[in-house]
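Because only heavy atoms are used, hydrogens play no part in the values below, and waters and symmetry mates are left out as well, while side chains stay in.
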Amino acid sequence: MENTCSQYLFLFLLSLSTSPPPPIEASIDRLRWVHRPSIKKQWGAANDYCKSHYGGNSTLAIARNASDLSYFSEICGGSDRSCWVGLRHRSDHVWRWANGRSNSLPFTILYNWPLADVACGGIHQGKLIERLCRREYWFLCEHNLVLEEEKTWEEALDHCRALEPDASDLPSFHDEEELSHVQEEMSRALTEEVWVGLRWLAGRWLWMDRTAGGNISLPECPANGNHCGTLSGGGQQARSCVEKRRFFCRKLPPV
């Protein structure tokens, strides 16, 4: 009898050769994700980086309450490390977040620069602090992952790729810290299991960016046709690809 795993490989590759369906209306439910890229930039360049790498609705991170400040500090990492967030002293001489809202959280003013648009906000040891915008620091990006309506795994894959051809896909995670923060945010939001870009092909698990290994904790040969991967706050699971689950799409980084 032909190997079951080989049959799934053939069927999957056949499905990828068909034209993807047109995109559908997204649900309004969102999962907030805050992430620290492993580079330093000036405030303006950092904000541009967030938008170009994670999509148009992405900005430097915006704090809504004191709990966010603690959370941001944890992601920034290290008691001696400062990270840019989406706060800046604007031309109207008001400290505003990247969404236009004025700041109401406790804030440490170090220099009180008289000119607008030269001072920007950072996070340091759980507190908001003032920094010169032209200085290079680590930074935190925030973006909303839209949780789409329930689909099978392959329907979810087609949907993501139809949103922005060659620029959008089911998410792949190779950075352990990045994956950990996404799972933590899913736990905070009480999000159920969602499809991600994990598929059992040719005897191994692959991320949909065509790479093997890297932050995969699934059975070496899954049983009962469970050849597609989900993610939740509790970790990864191998599930049947024909089950219908919610999912989110992720903008691919520029080449």
Side-chain angles (χ1 to χ4, degrees), residues 3-13 15-16 29-38 53-55 71-72 74-78 140-148 150-161 168-253:
N3 184 274
T4 303
C5 293
S6 298
Q7 291 177 345
Y8 267 84
L9 172 61
F10 171 75
L11 292 173
F12 175 68
L13 293 177
S15 72
L16 288 184
D29 295 330
R30 296 174 183 271
L31 176 67
R32 183 186 181 204
W33 178 33
V34 178
H35 170 60
R36 180 180 62 79
S38 55
H53 281 69
Y54 303 114
Y71 183 48
F72 289 179
E74 177 186 339
I75 298 172
C76 184
L140 305 181
C141 294
E142 169 184 322
H143 50 291
N144 293 318
L145 304 174
V146 178
L147 293 175
E148 309 285 1
E150 292 184 347
K151 289 183 176 293
T152 67
W153 187 90
E154 290 187 15
E155 289 172 344
L157 181 73
D158 287 343
H159 175 92
C160 288
R161 292 182 173 179
S168 177
D169 211 341
L170 281 173
S172 298
F173 297 101
H174 300 287
D175 183 270
E176 184 176 355
E177 185 179 16
E178 176 185 57
L179 178 61
S180 175
H181 285 310
V182 170
Q183 289 182 231
E184 182 176 348
E185 193 60 37
M186 293 182 76
S187 294
R188 283 158 54 100
L190 301 178
T191 304
E192 71 274 24
E193 286 183 32
V194 297
W195 289 129
V196 290
L198 273 173
R199 183 69 188 249
W200 174 259
L201 290 171
R204 59 181 178 171
W205 285 101
L206 291 173
W207 289 107
M208 280 298 93
D209 60 4
R210 301 297 191 270
T211 55
N215 295 313
I216 298 177
S217 55
L218 293 172
E220 291 185 0
C221 192
N224 302 322
N226 293 342
H227 289 175
C228 292
T230 67
L231 183 68
S232 70
Q236 301 167 11
Q237 297 291 334
R239 301 299 187 195
S240 170
C241 301
V242 299
E243 294 178 5
K244 290 198 172 185
R245 297 182 177 276
R246 303 188 75 183
F247 62 98
F248 59 84
C249 304
R250 185 172 178 185
K251 182 179 174 69
L252 299 174

Taking all heavy atoms of [X] and all of [Y], pick out the closest pair and write down the distance.
X      : Y      : answer
Thr152 : Trp195 : C-NE1, 3.6 Å
Pro37  : Cys141 : CG-SG, 4.0 Å
Cys160 : Ser168 : O-OG, 3.0 Å

- prompt: Between Glu220 and Trp205, is there a donor-acceptor pair closer than 3.5 Å when you use the side chain of the first and the backbone of the second?
  reply: no

field: Under 3.5 Å donor-acceptor, Arg199 side chain and Cys228 backbone
entry: no

- prompt: Going through the checks in order, is the side chain to side chain contact (heavy atoms under 4.5 Å, CB included) test met by Asn226 and Leu218?
  reply: CA-CA 10 Å; Asn226 293 342; Leu218 293 172; over 6 Å; no

statement: ring pair (Phe, Tyr, Trp, His ring centres under 6.0 Å) filter on Phe247, not counting sequence neighbours, yields His159

I want to check something: taking the side chain as every heavy atom from C-beta on, are [X] and [Y] in contact at a cut-off of under 4.5 Å?
X      : Y      : value
Thr230 : Gln236 : no
Glu155 : Glu148 : no
Leu198 : Leu231 : no
Ile75  : Leu140 : yes
Arg204 : Leu206 : yes
Pro222 : His227 : yes
Lys244 : Lys151 : no

- request: Output every pair passing salt bridge (Lys or Arg N to Asp or Glu O under 4.0 Å) with a member in residues 224-241, not counting sequence neighbours, ordered by first then second residue.
  value: Glu193-Arg239

- request: Go through Trp153 and Leu170 one step at a time and tell me if the side chain to side chain contact (heavy atoms under 4.5 Å, CB included) criterion holds.
  value: CA-CA 9 Å; Trp153 187 90; Leu170 281 173; 3.7 Å; yes

- prompt: From Asn215 CG over to Gln183 CD, what is the distance, rounded to the nearest 0.5 angstrom?
  reply: 9.0 Å

message: I need the Arg36 CZ to Cys76 SG distance, nearest 0.5 Å.
response: 6.5 Å

message: Could you work out, with side chain to side chain donor-acceptor pair (under 3.5 Å) as the rule, every residue matching Glu243, not counting sequence neighbours?
response: Arg245

field: For Trp200, the option from Cys221, Cys241, Pro219 that meets side-chain contact (heavy atoms from CB on, under 4.5 Å)
entry: Cys221

